[in-house]
A.B. asks: 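Please find one structure pasted underneath; my questions will follow.
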Amino acid sequence: MHDPKYLRDNSNLIRTSLGMRGQDVPWDVVQNLGDERRILTTEVEQLRHELKKGSDEVARLRRAKEPAEQAMAAMKGLGDRIKNVEDSLRKVEETLGDLALRIPNLPHQTVPVGSDASGNIEIRRWGTPSSLTVPAKPHWEIGEALGILDFDRAAKIAGARFAVLSGAGARMERALINYMLDLHTGSHGYREVLPPVMVNRKAMTGTGQLPKFEEDLFRLRDEDYFLIPTAEVPVTNLHREEILSEDSLPVRYTAYTPCFRREAGSYGKDTRGLIRLHQFNKVELVAFTAPDRSYEELERLTGHAESILQNLRLPYRVVTLCAGDMGFSAAKTYDIEVWLPSQGQYREISSCSNFESFQARRANIKYRPAGGKKDAKTEFVHTLNGSGLAVGRTLVAILENYQQPDGSVVIPDVLRPYMGGMERIALQPA
RNA sequence: GGAGAGGUGGCCGAGUGGCCGAAGGCAACGGUUUGCUAAACCGUCGUAGGGACAAAAUCUCUACCGAGGGUUCAAAUCCCUCCCUCUCCGCCA
C-alpha cells in the first residue's frame with residue numbers, strides 16, 4: 001500500500017512509475033475519491049466541532065441551573081446531519097481503501113524495465129552444469145523408478161498436482177528441511193518459528209495476497225481462514241500492529257511450512273513431477289529492517305539462500321526480475337534458479353524480495369528510532385523475504401543433478417548425516 | 001459446543017452520562033544531585049487524519065477506551081451484534 005497522502009498528491013507520478021503494472025487501476029476514480037474524501041472529512045469535522053460546542057453549552061447551563069431547553073433544541077438534528085455525511089465519507093473511504101490495496105508496489109530504481117521474464121537480467125552464475133554421457137532423465141522418471149515418488153497414488157487420494165514421497169524420498173525431503181533450518185539458525189542468525197498454516201483475512205491482506213489474489217488461495221468452507229501460500233504470510237504478520245524498537249532490528253526469522261497454492265491459470269505448465277504442486281514444502285527467510293538497511297539485507301538474505309545450493313553443489317544462477325515480472329508487493333526481487341539437466345535450463349528455486357514499506361504499511365509494522373530525542377517518531381519498517389529454499393524443487397535438483405547411469409542417485413555430502421549416513425539411493429522395492 | 005468473567009495508553013490500573021484523551025503507578029527519555037551504582041527530586045512522555053505555513057518548527061481542529069451499530073443535546077460510561085482473552089464443563093491429538 002502506498003502512503004495515502006503521497007498517492008493523493010502524486011498519483012500521476014505513481015501511475016507513470018508503475019507503467020504496465022498499474023494498467024488495471026482506475027486512476028481517475030482514485031483521484032476523485034481522494035478529493036471527495038478530503039472535502040467530506042472537513043465537513044464532518046466542522047459539524048462535530050459545532051456539536052461539541054453546543055453540548056458543552058448545555059452542560060454549562062445545567063450546572064448553572066439555568067434552562068437548557070433552547071440549547072438542546074438547537075443541537076437536535078445536528079447529530080443526524082453528521083451521520084449522513086459520515087455515511088457518505090465511510091462509503092468513499094471503503095471504496096478508496098479497496099482500490100488502494102490493489103495498487104502494486106513501485107519498483108526500485110535499480111530494477112530493469114521489462115514486461116515479462118525476457119526482461120530479467122542474469123547477474124551471476126555459480127557452478128558448472130555437469131555434462132552427462134547419457135541423456136538426463138527427468139526427476140519423475142528417476143523417482144518413480146527408484147520407488148520414492150508416487151504420483152498415481154497421490155492422484156487417487158487427492159488429485160492432480162499432488163505427490164507422495166516415500167522411503168528415501170520422504171527421508172531426503174525431511175533431511176533437506178532440517179539441514180536448511182540448521183544452517184539458517186546456526187550460521188546465519190535467524191530465529192526458527194513454526195507458525196500456523198491457516199491464517200485470517202487480515203494477515204493475507206497485510207502481506208498483499210488479498211484482496212487482489214483471492215482466487216490463487218485455498219479457503220476453508222466454514223471459517224474465513226486461508227491456507228498459506230508461503231510462510232511469508234504468517235511470519236511477516238507476526239509483528240502486525242506492533243512497534244519494534246530500533247535496537248531489536250534487524251529481526252530475522254526462518255520457518256519451515258507446507259505451502260498451498262491453487263495454481264489457477266497455470267494449466268498445462270509443469271504438469272508432471274514436483275515442480276508445480278498444490279502443496280509443497282518450503283523453508284522461508286523473513287527479515288524486518290530499518291529503511292536504510294533493507295537493500296544490504298536483501299543481498300545478505302539472497303546470499304543465505306545461495307549458500308544452501310553451494311553446499312549441495314548444485315549449479316545455479318541469480319537473476320534480477322524486471323518490473324513486469326515482479327510480484328505485486330515487491331520493490332525488488334532476485335530469483336535464484338537451479339540447473340535442471342533434464343530441461344537443459346535454470347529453474348526458479350528461490351525468490352528473494354525487498355518489499356520496502358509496502359507490507360509494513362498494510363500490516364502497520366513500525367519501529368521507534370533509537371536516540372531518545374523527541375524526534376524519535378515511529379516509522380514503518382522494511383520487510384523482506386526469500387525462499388531458503390523451496391524443498392521439493394531442491395529434491396528435484398538433487399535427483400536430476402546427482403543421477404547416475406545405473407539409475408541410482410548419489411546423496412550430497414552435507415545431507416548424509418541427516419539421512420543416517422546413507423550415500424546413495426538405489427532401487428527400493430515398495 | 002454449553003455456562004460464567006473480562007477487554008481502558010508501551011505495561012499495570014482507576015473511571016457508571018457532560019468539567020475525560022482519560023487519575024495514579026511502572027517503564028522509557030531529558031535534567032538536578034552523586035566518586036561509581038542505586039535512590040531521591042524536577043520535567044517530558046499515545047496514535048492517526050484534516051486545516052494554517054513555500055517547507056521545517058509550530059499552531060489549530062477532529063477521531064480513537066476490542067470492532068461495528070443504536071439511544072441521547074452529549075457515550076470509555078447505557079442498549080444490541082460480533083471478535084478476542086480467561087475460568088469451568090463437554091469433545092479431542
Side-chain angles (χ1 to χ4, degrees), chain A residues 1-10 30-101 194 196-206 220 222-226 234 237-249 251 258 288 357 360-381:
Chain A
M1 191 164 61
H2 300 280
D3 180 358
K5 210 181 291 179
Y6 187 78
L7 177 61
R8 192 187 67 208
D9 298 337
N10 301 283
V30 169
Q31 185 69 56
N32 289 339
L33 287 176
D35 294 341
E36 203 174 331
R37 192 186 75 89
R38 179 151 47 167
I39 291 163
L40 289 172
T41 302
T42 310
E43 190 179 347
V44 166
E45 292 188 351
Q46 278 168 355
L47 289 173
R48 278 197 175 284
H49 184 59
E50 201 181 318
L51 181 73
K52 219 174 165 177
K53 283 277 187 292
S55 297
D56 286 349
E57 176 65 6
V58 171
R60 193 189 62 77
L61 291 169
R62 283 277 180 92
R63 272 197 303 277
K65 302 262 196 310
E66 287 174 34
E69 282 68 30
Q70 204 181 344
M72 280 166 63
M75 287 301 109
K76 192 110 178 120
L78 189 57
D80 292 334
R81 277 179 62 200
I82 292 176
K83 251 163 228 162
N84 282 337
V85 183
E86 274 181 339
D87 274 350
S88 318
L89 179 60
R90 193 178 315 122
K91 277 183 199 129
V92 167
E93 284 186 329
E94 264 172 33
T95 317
L96 184 61
D98 185 67
L99 288 175
L101 286 172
L194 188 58
V197 298
M198 287 188 268
V199 300
N200 59 32
R201 193 169 280 274
K202 277 186 181 170
M204 283 293 184
T205 307
L220 299 205
D222 294 328
E223 309 279 343
D224 201 23
Y225 289 153
F226 298 85
N237 278 285
L238 282 177
H239 294 300
R240 184 155 54 87
E241 310 287 342
E242 287 187 17
I243 299 171
L244 308 171
S245 72
E246 185 169 25
D247 303 336
S248 68
L249 300 178
V251 175
F288 303 79
S357 61
R361 198 180 292 281
R362 291 173 158 246
N364 193 22
I365 308 169
K366 300 187 155 185
Y367 77 102
R368 193 177 300 282
K373 282 285 161 106
K374 68 170 179 180
D375 56 348
K377 277 201 74 98
T378 57
E379 192 43 74
F380 290 111
V381 299

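A, B, ... follow the sequence lines: proteins, then strands. Residue 1 opens every chain.
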A.B. asks: In the structure shown, which nucleotide is the Watson-Crick or G-U wobble counterpart of rG90(B), with both distances under 3.5 Å?
C.D. replies: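 The answer is none; no pair meets the criterion.
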A.B. asks: Is a side-chain N or O of R37(A) found less than 3.5 angstrom from the main chain of V92(A), in a donor-acceptor match?
C.D. replies: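 A pair under 3.5 Å: no.
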A.B. asks: Determine the interatomic distance between P on rU62(B) and the same-named atom on rA75(B); round to the nearest Å.
C.D. replies: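 Rounded to whole Å, the distance is 14 Å.
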A.B. asks: To the nearest Å, how far apart are D56(A) CG and rA75(B) P?
C.D. replies: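 Atom CG in D56(A) sits about 11 Å away from atom P in rA75(B).
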A.B. asks: Taking the C1' atom of each, how far is rG1(B) from rC91(B), in whole Å?
C.D. replies: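 Per the computed distance, 8 Å lies between those C1' atoms.
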A.B. asks: Do V199(A) and N237(A) have side chains that get closer than 4.5 Å, going by heavy atoms?
C.D. replies: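 SC-SC contact between V199(A) and N237(A) ruled out.
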A.B. asks: Distance check, C1' atoms only: rC19(B) and rU58(B), in whole angstrom units.
C.D. replies: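 Straight-line distance between the two C1' atoms is 28 Å.
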A.B. asks: What is the distance from CZ of R37(A) to P of rA48(B), rounded to the nearest Å?
C.D. replies: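 Interatomic distance, CZ of R37(A) to P of rA48(B): 14 Å.
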A.B. asks: CG of L244(A) versus P of rA28(B): gap in Å, rounded?
C.D. replies: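 Interatomic distance, CG of L244(A) to P of rA28(B): 19 Å.
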A.B. asks: Is the shortest side-chain heavy-atom distance between V85(A) and R81(A) below 4.5 Å?
C.D. replies: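 No - every pair of side-chain heavy atoms lies 4.5 Å or more apart.
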A.B. asks: Would you measure the distance from the C1' atom in rU77(B) across to the matching atom in rG21(B) and give it in whole Å?
C.D. replies: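 Result for the C1' pair: 15 Å, nearest Å.
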A.B. asks: Heavy-atom distance under 4.5 Å between the side chains of E45(A) and T42(A), does that happen here?
C.D. replies: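 Sidechains of T42(A) and E45(A): no contact.
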A.B. asks: Can you tell me the base-pairing partner of rC36(B)? Count Watson-Crick or G-U wobble geometry only, both distances below 3.5 Å, and say none if there is no partner.
C.D. replies: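 When the pairing criteria are applied, nothing turns out to pair with rC36(B), so the answer is none.
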A.B. asks: For N364(A), which of E242(A), E241(A), H239(A) qualifies under side chain to side chain donor-acceptor pair (under 3.5 Å)?
C.D. replies: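 Of E242(A), E241(A), H239(A), side chain to side chain donor-acceptor pair (under 3.5 Å) with N364(A) is met by E241(A) alone.
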A.B. asks: Any strand is fair game: report the nucleotide pairing with rA14(B) by Watson-Crick or G-U wobble, both distances under 3.5 Å, or none.
C.D. replies: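 Paired with no nucleotide.
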A.B. asks: Searching all strands shown, indicate the nucleotide that pairs with rC59(B) (Watson-Crick or G-U wobble; both distances under 3.5 Å).
C.D. replies: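 When the pairing criteria are applied, rG51(B) turns out to be the nucleotide that pairs with rC59(B).
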A.B. asks: Could you identify the nucleotide paired to rA5(B), looking across every strand shown and requiring Watson-Crick or G-U wobble geometry with both distances under 3.5 Å?
C.D. replies: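 WC or wobble partner is rU85(B).
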A.B. asks: Using both distances under 3.5 Å as the test, list the Watson-Crick or G-U wobble partner of rG21(B), or none.
C.D. replies: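 Because no pair has both required distances under 3.5 Å, rG21(B) counts as unpaired.
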A.B. asks: Does the pair D56(A)/K53(A) count as a salt bridge with the N-to-O cut at 4.0 Å?
C.D. replies: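 Salt bridge flag = no for K53(A) with D56(A).
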A.B. asks: For T42(A) and for A59(A), locate the closest nucleotide of RNA chain B by heavy-atom distance; then report the residue assigned to the nucleotide nearer the 5' terminus.
C.D. replies: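 Result of the comparison: A59(A).
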A.B. asks: So which one's nearest nucleotide on RNA chain B is more toward 5', D3(A) or L51(A)?
C.D. replies: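 Here D3(A) is the residue nearer the 5' end.
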A.B. asks: Measure across R362(A) and G206(A) and return the closest heavy-atom pair with its distance rounded to 0.1 Å.
C.D. replies: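 Closest approach of R362(A) to G206(A): CB-O, 3.4 Å.
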A.B. asks: Do the non-hydrogen side-chain atoms of M198(A) and E223(A) ever get within less than 4.5 Å of each other?
C.D. replies: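 Side-chain contact under 4.5 Å: no.
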A.B. asks: In whole Å, what separates the P atom of rU16(B) from that of rG66(B)?
C.D. replies: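 Straight-line distance between the two P atoms is 15 Å.
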A.B. asks: Given atom CZ of R201(A) and atom C1' of rC82(B), what is their separation to the nearest angstrom?
C.D. replies: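 Taking atom C1' of rC82(B) as the reference, CZ of R201(A) is at 16 Å.
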A.B. asks: Let me know the distance between CD of E57(A) and P of rC19(B), rounded to the nearest Å.
C.D. replies: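 The answer, rounded to whole Å, is 14 Å.
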A.B. asks: Between the protein and nucleotides 60-68 of chain B, which nitrogen or oxygen pairs come in under 3.5 angstrom?
C.D. replies:
from, atom 1, to, atom 2, distance (Å)
rC61(B), O3', H49(A), ND1, 2.9
rU62(B), OP1, H49(A), ND1, 2.7
rA63(B), OP2, K52(A), NZ, 3.4

A.B. asks: May I have the distance from R62(A) (atom CZ) to rU72(B) (atom P), rounded to whole angstrom?
C.D. replies: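 The distance from CZ of R62(A) to P of rU72(B) comes to 14 Å, rounded to the nearest Å.
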A.B. asks: With P as the reference atom in both, quote the distance from rG13(B) to rG70(B) in angstrom, rounded to an integer.
C.D. replies: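 Comparing P positions in rG13(B) and rG70(B) gives a spacing of 32 Å.
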A.B. asks: Compare all side-chain heavy atoms of E36(A) with those of K91(A) and state whether any distance is below 4.5 angstrom.
C.D. replies: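 Of all side-chain heavy-atom pairs linking K91(A) with E36(A), none is under 4.5 Å.
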A.B. asks: Quick one: do K202(A) and T205(A) satisfy side chain to side chain contact (heavy atoms under 4.5 Å, CB included)? Show the steps, please.
C.D. replies: CA-CA 5 Å; K202(A) 277 186 181 170; T205(A) 307; 5.6 Å; no
A.B. asks: Return the nucleotide paired to rG30(B): Watson-Crick means purine N1 to pyrimidine N3 with N6-O4 or O6-N4, wobble means G-U with N1-O2 and O6-N3, both under 3.5 Å.
C.D. replies: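 Because both required distances fall under 3.5 Å, rG30(B) counts as paired with rC42(B).
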A.B. asks: Tell me whether R48(A) contacts the main-chain N or O of I82(A) through its side chain, where contact means a donor paired with an acceptor under 3.5 Å.
C.D. replies: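 Not at all, since once roles are kept as given, no pair shorter than 3.5 Å links the two residues.
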A.B. asks: At 4.0 Å (heavy atoms only), tell me whether R38(A) reaches a base, stays on the sugar-phosphate, or touches nothing.
C.D. replies: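 Sugar-phosphate, no base atom in range.
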A.B. asks: Taking atom P in both rU81(B) and rG90(B), compute the distance separating them and give it to the nearest angstrom.
C.D. replies: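 It works out to 28 Å between them.
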A.B. asks: Got a list of protein N/O to nucleotides 91-93 of chain B N/O distances below 3.5 Å?
C.D. replies:
none

A.B. asks: Watson-Crick or G-U wobble partner for rU77(B), using a 3.5 Å limit on both distances?
C.D. replies: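 Check on rU77(B): unpaired, no WC or wobble geometry under 3.5 Å.
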A.B. asks: For rU44(B) and rG25(B), measure between their P atoms and round to the nearest Å.
C.D. replies: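 So the two P atoms sit 13 Å from each other.
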A.B. asks: Hey, could you give me the CD/CG distance between E86(A) and D80(A), rounded to the nearest 0.5 Å?
C.D. replies: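 It is 11.5 Å, given to the nearest 0.5 Å.
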A.B. asks: Figure out the CZ/P separation between R81(A) and rA74(B), and round it to whole Å.
C.D. replies: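 So the two atoms are 14 Å apart, to the nearest Å.
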A.B. asks: Does R60(A) put a side-chain nitrogen or oxygen below 4.0 Å from OP1 or OP2 of rC73(B)?
C.D. replies: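 Negative; the distance criterion is not met.
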A.B. asks: Is the number of heavy atoms from other residues, nucleotides or ligands within 6.0 Å of CD (Q70(A)) greater than 12?
C.D. replies: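 For Q70(A), atom CD is not crowded (no more than 12 foreign heavy atoms under 6.0 Å).
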A.B. asks: Round to a whole Å and report the spacing from CD of E69(A) to P of rA74(B).
C.D. replies: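 For the pair E69(A) CD and rA74(B) P, the rounded distance is 15 Å.
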A.B. asks: Under 4.0 Å between any heavy atoms, over every strand shown, what does M72(A) touch: base, sugar-phosphate, or nothing? Just pick one.
C.D. replies: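 Base, at least one base heavy atom under 4.0 Å.
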A.B. asks: Between atom NE2 of H2(A) and atom CZ of R361(A), what is the distance when rounded to the nearest 0.5 Å?
C.D. replies: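 So the NE2 of H2(A) and the CZ of R361(A) are separated by 9.0 Å.
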A.B. asks: Identify the pairs formed between an N or O of the protein and an N or O of nucleotides 6-10 of chain B at a distance under 3.5 Å, and give each distance.
C.D. replies:
none

